[in-house]
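This report concerns only the one structure given below.
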Number of protein chains: 2
Amino acid sequence: MQIKNSDIPIPSLRRLPIYHRVIEGLKRKNVSKVSSHKLSQITGFTASQIRQDISFVCSIGQQGYGYNVDELYFELSRVLKTTNPLKAILIGAGNLGRAVASNLMTKQAGINLIGIFDKNEAMSGKLIKEIPIRNLYVLDEFCHDNSPKVAILCIPEIDARTMATQLRQLGIKGILNFSEANLSAEFPDLMVEDVSFSDSLLSLRYYLE
Amino acid sequence: MQIKNSDIPIPSLRRLPIYHRVIEGLKRKNVSKVSSHKLSQITGFTASQIRQDISFVCSIGQQGYGYNVDELYFELSRVLKTTNPLKAILIGAGNLGRAVASNLMTKQAGINLIGIFDKNEAMSGKLIKEIPIRNLYVLDEFCHDNSPKVAILCIPEIDARTMATQLRQLGIKGILNFSEANLSAEFPDLMVEDVSFSDSLLSLRYYLE
């Protein structure tokens with residue numbers, strides 16, 4: 001993702017979803033208080049790092065007491081806007097698209113998946129967790145009628161640029177890109193998060209003999 | 001991934017696989033030279049950032065000439081060890097596992113996928129790109145016979161910790177973790193890269209109104 005002006009530094013911002021997920025788990029277990037040291041044990045980040053990150057979100061921690069779990073969850077949800085999900089569509093209903101769709105529909109990911117599209121006509125009408133797969137022919141009409149703001153691309157690199165151009169014209173503002181096209185560089189006017197499995201593996205590989 | 005001692009700073013290291021992928025593409029198009037400015041246009045990183053990153057890999061750029069594509073590709077491949085792939089196994093052959101396996105088998109990701117495992121016996125014997133799915137019952141035996149060093153986890157969070165513990169005992173040194181368990185914090189003696197789609201989406205969501 002390209003750096004944009006923000007009150008929260010990018011590295012801190014990238015850790016907030018992890019805290020959100022961990023705090024959500026504690027809340028579910030009816031834990032009422034949590035210290036930065038406990039959060040450090042769970043997440044692997046240092047306690048001072050955690051205190052600094054959370055200071056961008058709220059100032060509700062107390063020395064020797066820790067954070068109130070409900071309040072911290074509320075503030076993290078507010079900053080990450082999970083309670084105000086954006087409408088999203090997913091393009092490409094292959095193995096990856098189906099996995100991502102199923103995963104995201106069970107999560108507080110700040111989006112509300114309202115449509116799934118694939119160019120393969122044979123898939124049309126099949127359901128992924130109650131959402132029917134539609135053919136790409138009806139993408140324009142669907143976007144005009146429903147105004148999604150986020151698109152998740154689970155398509156090959158070769159199709160990604162053309163699709164991103166079309167989506168931009170249809171009012172999409174943010175893209176989670178699983179293809180290997182460098183969309184964040186090519187579409188600086190959109191918010192793009194490029195995800196590459198092979199890049200992650202190469203970084204991991206570097207440390208292993 | 002937790003920070004380890006290394007000659008290359010982590011942020012630079014994370015960009016090297018992107019350069020490797022881009023340079024590979026240029027090589028395939030028979031491009032012989034490339035400037036940092038051209039790489040900046042393709043990747044979106046600044047030219048000075050790119051020159052700095054590449055200086056950790058080699059010193060073969062010439063002012064006003066640019067980089068020799070073949071040499072740069074050779075040096076990036078050497079540093080990222082793509083020419084010396086590590087044996088890897090994948091656990092979990094659901095939609096995500098199948099997508100990741102298919103993706104990685106066509107990429108220079110520094111690994112050589114030698115086995116795929118799933119606990120569902122009905123999947124045993126089915127092929128993913130010529131690799132048969134095996135039942136988890138034979139994981140121990142397979143690892144003793146073949147000594148894989150990397151594991152890719154495409155299993156639910158609830159199974160991830162037990163599996164990581166078992167894999168560590170079997171000699172696995174690095175894990176690419178697609179479950180939402182915080183394995184990098186819980187297994188500090190392993191190299192773990194945690195990947196979460198919903199975290200990526202929440203970071204993206206933050207910038208969108």
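Convention: sequence-line order gives letters A, B, ...; per-chain numbering from 1.
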**Asked** How would you list, in number order, the residues of residues 158-172 of chain B that have a heavy atom less than 4.5 Å from chain A?
**Response** none

**Asked** Measuring heavy-atom distances to chain A, does B:Val22 have an atom under 4.5 Å in its side chain, in its backbone, in both, or in neither?
**Response** side chain

**Item:** Sole candidate of A:Ile111, A:Leu190, A:Leu86 that passes side chain to side chain contact (heavy atoms under 4.5 Å, CB included) when paired with B:Leu208
**Value:** A:Leu86

**Message:** Quick check: do B:Phe45 and A:Asn182 have side-chain heavy atoms less than 4.5 Å from each other?
**Reply:** no

**Request:** Assess whether atom CZ of A:Phe56 is packed by more than 12 heavy atoms of other residues, nucleotides or ligands within 6.0 Å.
**Result:** yes

**Request:** For a side chain to side chain contact (heavy atoms under 4.5 Å, CB included) with B:Leu202, tell me which candidate from A:Arg14, A:Lys81, A:His20, A:Arg21 qualifies.
**Result:** A:His20

**Asked** Where does A:Leu104 contact chain B at under 4.5 Å (heavy atoms): side chain, backbone, both or neither?
**Response** side chain

**Prompt:** For atom CZ of B:Phe74, is the number of surrounding heavy atoms from other residues, nucleotides or ligands below 6.0 Å larger than 12?
**Reply:** no

**Asked** At a heavy-atom separation under 4.5 Å, does B:Asp199 approach chain A through its side chain, its backbone, both, or neither?
**Response** both

**Asked** Excluding sequence neighbours, so at least two apart, what forms side-chain contact (heavy atoms from CB on, under 4.5 Å) with B:Ser124?
**Response** B:Asn135

**Item:** Contact class of B:Gln41 relative to chain A, heavy atoms under 4.5 angstrom
**Value:** backbone

**Message:** I want to check something: taking the side chain as every heavy atom from C-beta on, are B:Leu201 and A:Val150 in contact at a cut-off of under 4.5 Å?
**Reply:** yes

**Residue B:Lys173 excluded, over 12 heavy atoms near NZ under 6.0 Å** = no

**Prompt:** What part of A:Ile18 lies closer than 4.5 angstrom to a heavy atom of chain B: side chain, backbone, both or neither?
**Reply:** both

**Message:** For B:Phe197, give me all partners under ring pair (Phe, Tyr, Trp, His ring centres under 6.0 Å), at least two apart in sequence or on another chain.
**Reply:** A:Phe178

**Prompt:** For the residue pair B:Gly44 and A:Ala185, what are the closest heavy atoms and their distance?
**Reply:** N-CB, 3.4 Å

**Asked** Side chains of B:Pro17 and A:Ser203: does their closest heavy-atom pair fall under 4.5 Å?
**Response** yes

**Exceeds 12 heavy-atom contacts within 6.0 angstrom, atom NZ of A:Lys87** = yes

**Item:** Per-residue contacts, residues 94-102 of chain A versus chain B, heavy atoms under 4.5 Å
**Value:** A:Asn95, A:Leu96, A:Arg98, A:Ala99, A:Val100

**Asked** What part of A:Ser196 gets closer than 4.5 Å to chain B, counting heavy atoms only: side chain, backbone, both or neither?
**Response** side chain

**Item:** Which portion of B:Leu16 sits near chain A, non-hydrogen atoms under 4.5 angstrom
**Value:** neither

**Message:** Looking at B:Asn84, is its backbone amide N or carbonyl O close enough to the side chain of A:Arg205 to form a donor-acceptor pair, meaning the two atoms are under 3.5 Å apart?
**Reply:** yes

